[in-house]
Amino acid sequence: MNLIIELEASENMDSLRISEIFHEMAVFSELLEESPFKSRAYEKAARIIENLGDEILEIAQRGELTKVDGIGEKIASKIKEIIETGELESRNKMLLSIPDGVLEMLKIPSLGPKRVRGLWKDYGISSVASLKLVCDRHGLAKIPGYGAKMERNILAGIAMLRKNAGKWLLSEAWEFASDIAKSIGSWDEVESVKVAGSLRRRKELVKDVDLVVATQNPKAVMKKFVSLPFVERVIQHGDTKSEVILDSGIQCDLRAVSPSEYPFALHHFTGSKEHNLKMRSIAKDSGMKLNEYGIFKGSSKKALPCKDEAEIFKTLSLDYIPPELREDMGEIEAASHGALPKLIEEDDLKGVLHVHSNYSDGVNSISELKYESERLGYEYLLICDHSKSLAIANGMDEKDVVRQHQEIDRLNMGKGGCRVLKGIEADILGDGSVDFDGDMLSAFDIVIASVHSKFKMDKTEMTDRIIRAIENHDVDIIGHPSGRLLLSREPYQIDTRKIIDAASANGKAIEINSHPQRLDLDWRWIMYARKKKVKLAIGVDAHDTFGLSLAKYGIWIARKGWLEKDDVINSMAIKDFLKRYSIK
DNA sequence: GCCGTTTTCGGCCCGACTGTTTTCAGTCG
């Protein structure tokens, strides 16, 4: 009981912060030279908490933390301490004994905890700036274990560190990866090439691009790879593995394997690490060994043949697990008893939702948007301009709405083609009421309600505000529920679980905003929404005709959240969609 | 730190590459 009260007291504590604290503990513990396994245990706990999301708070409430595999007595009590006080005494203590600069040094590639510790404790180098000074004077090369090359690498690493923080949007990374994979795929030596890693798993942010190629001549492939015109710097150049920085600044790693090893390498380098660990342990349980080169029975050195990833899963009596699901979040268990979802596909989308026209802050006219939607094969297009309160985006007033609806009626006169629907992205005002009164709102076919103001409200207020909008009977969809802008703006404080529960109770849909900077609702919560039978709406939030093609990213995230076609309202054919929303 | 059908001690995924060595430690994924 106590805990529940305490939880409210520190309501801004979320699972992400808890997981962050354990990441820190892992690093601190290595720097302070505790047992490396202790550090590994912290690291593991951090990943478990990250994957559990806010569920960890409920598990803590039920007092069942130690039932989670990887969390024992000590970590459980630390989690409780963080939830109750918002702090972790032992972490703060450790932090006090490590200079800030030492932590910053860890971000330099090729410097890990051991080297950083040595530089700090044995040579008194405790900041990136002082390390740079030492390198500039060629002092580092005189330290045992270092040489001229390390010195140059570290200087290059410091320069890169200053240039960018090292994370990329899924969409950006995908563009770079597609270009480079296309080049590599055209070489005679290459039989297959595929993007692997977190990019293939469609994480919303990625650190680098991982590629795997099948070839009989890895050496030649590596040589060509490091000499590609858009390679700016070579970090590693080996016979089967190389790492480079592309001119865009993103790191790109390439692995070359033989065609028979290719499915195993692809699986291995797609990850996630947690998924791989579990796959290995399943193999072990059945008397087999799985690694990036093959699957081996007993102590045999000869791999069992698998022509693709599906056969690897089959060998372990599992259904094929699509890459998006490989996060060790129940996919392996589901695959073992035929319970994986049949994921939604890009082609399943029949309507394009959440499109801004030149009636508010969009660039194109409704007729241009209609034409492009037709070209992309959509059956319907939901125009959603901003409402009057959002003056900064030229929100529509009542007169504009009348004019717009007349234009839409005219555009729909012709037979066939893409049907234009009358939508609005109405502002959720500070008190939770929705811009425009009921009469005006009911003139729209579909109402998306979104927050665009007063982002700094506290969690309870913001949650209540959005729930009030959900309970408004004119509202159909909640737009970009967290308001986050990846890499540039934090989400506003909301109790996402309560919001999903409210949507479930009121039969309202929640948007998966496909804009690459949003990808909001977060995929971790999509899984929960699906459990609560909440329908999702894949919106493009387009402000021009190009934006109509962004639905792809929304689909990727929907898949990552285990969604099937029927979970997504705009996978309905026009006839069903009109019927569902009583549109004439 | 965690964990246990090798269970309360003694393991803990593992392989490629680099830069430094002269057989290996550290980093990375």
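Chain letters run A, B, ... following the sequence lines, proteins first, then strands; residues in each count from 1. Predicted model, so just to flag it, every value in this text is computed and none were measured.
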Taking the C1' atom of each, how far is B:dA16 from B:dC3, in whole Å?
-> 29 Å

Separation of atom NZ in A:Lys114 from atom C1' in B:dT18, rounded to whole Å | 16 Å

When you match A:Leu106 and A:Ala141 each to their closest nucleotide on DNA chain B, which lands nearer the 5' end?
-> A:Ala141

Base, sugar-phosphate alone, or nothing: which one does A:Val257 contact when heavy atoms must sit under 4.0 Å apart?
-> nothing

Considering only the P atoms, how many Å lie between B:dT20 and B:dC28, rounded to the nearest integer?
-> 15 Å

Are any protein N/O atoms closer than 3.5 Å to N/O atoms in nucleotides 13-15 of chain B? If there are, list each pair with its distance.
residue: B:dC13; atom: OP1; partner: A:Arg40; partner atom: NH1; Å: 2.6
residue: B:dC13; atom: O2; partner: A:Arg280; partner atom: NH1; Å: 2.6
residue: B:dG15; atom: O3'; partner: A:Tyr293; partner atom: OH; Å: 3.4

Rounded to the Å, how far apart are A:Glu274 CD and B:dG29 C1'?
-> 12 Å

Indicate yes or no: does A:Glu20 engage A:Arg17 in a salt bridge with an N to O separation below 4.0 Å.
-> yes

Atom CZ of A:Arg115 and atom C1' of B:dC24 are separated, to the nearest Å, by 12 Å

Under the criterion salt bridge (Lys or Arg N to Asp or Glu O under 4.0 Å), which of A:Glu564, A:Glu331, A:Glu324 is the partner of A:Arg559?
-> A:Glu324

Minimum-distance pair of heavy atoms, taken over all atoms of A:Ala196 and A:Val212 | CB-CG2, 3.9 Å

Polar side-chain atom of A:Glu151 near backbone of A:Ala141 as donor-acceptor pair, under 3.5 Å = yes

Looking for any heavy atom pair under 4.0 Å, which part of the strands does A:Ala256 touch: base, sugar-phosphate only, or nothing?
-> nothing

For the student: nearest non-hydrogen atoms of A:Asp253 and A:Glu243, plus distance | OD1-CG, 3.3 Å

Using atom C1' of each nucleotide, how far apart are B:dG26 and B:dT21 to the nearest Å?
-> 13 Å

Is the cationic atom of A:Arg497 (NZ for Lys, CZ for Arg) positioned less than 6.0 Å from the six-membered ring centroid of A:Tyr528 and within 45 degrees of its normal?
-> yes

Considering only side-chain heavy atoms of A:Met150, which listed nucleotide, B:dG26, B:dT20, B:dT18, is closest?
-> B:dT20

Look at all strands and tell whether A:Pro36 reaches a base, only sugar-phosphate, or nothing, counting heavy atoms closer than 4.0 Å.
-> nothing

Winner on side-chain proximity to A:Lys207, out of B:dG26, B:dG29, B:dC2, is B:dG29

Looking only at atom C1', what distance separates B:dC17 and B:dT23, rounded to whole Å?
-> 16 Å

Given the C1' atoms of B:dG11 and B:dT6, what is the spacing between them in whole Å?
-> 11 Å

Within the structure shown, what part of the strands sits under 4.0 Å from A:Asn276 by heavy-atom distance: base, sugar-phosphate, or nothing?
-> nothing

Nearest heavy-atom contact between A:Tyr262 and A:Val193 is OH-C, 3.6 Å

Say whether A:His23 and A:Glu43, considering side chains only, have a donor N or O and an acceptor N or O under 3.5 Å apart.
-> yes

5'-most contact on DNA chain B (nearest-nucleotide basis), A:Ile71 vs A:Ala148, goes to A:Ile71

C1' atoms of B:dC13 and B:dC2, separation to the nearest Å | 16 Å

Rounded to the nearest angstrom, tell me the gap between atom NZ in A:Lys142 and atom P in B:dT20.
-> 14 Å

For B:dT8 versus B:dT27, give the span between their C1' atoms, rounded off to a whole number of Å.
-> 34 Å

Closest to the A:Tyr42 side chain, choosing from B:dT27, B:dG29, B:dG1 = B:dG1

Grab the two heavy atoms, one from A:Met222 and one from A:Lys241, that are nearest each other, plus how far apart they are.
-> CE-N, 3.7 Å

Rounded to whole Å, NZ of A:Lys44 lies from P of B:dC3 at a distance of 7 Å

Give A:Pro113 one of three labels, base, sugar-phosphate or nothing, depending on what nucleic acid heavy atoms sit under 4.0 Å from its own.
-> sugar-phosphate

Does B:dT8 have a Watson-Crick or wobble mate here (both distances under 3.5 Å), and if so which one?
-> none

Give the nucleotide from the list B:dG26, B:dC17, B:dG19 with an atom nearest to the side chain of A:Thr240.
-> B:dC17

Protein-nucleotide distance (A:Leu140, atom CG; B:dT18, atom P), rounded to Å | 19 Å

In whole Å, what is the span from the NZ atom of A:Lys78 to the P atom of B:dC2?
-> 8 Å

Report the distance from atom CG of A:Asp122 to atom C1' of B:dA25, rounded to the nearest whole Å.
-> 15 Å

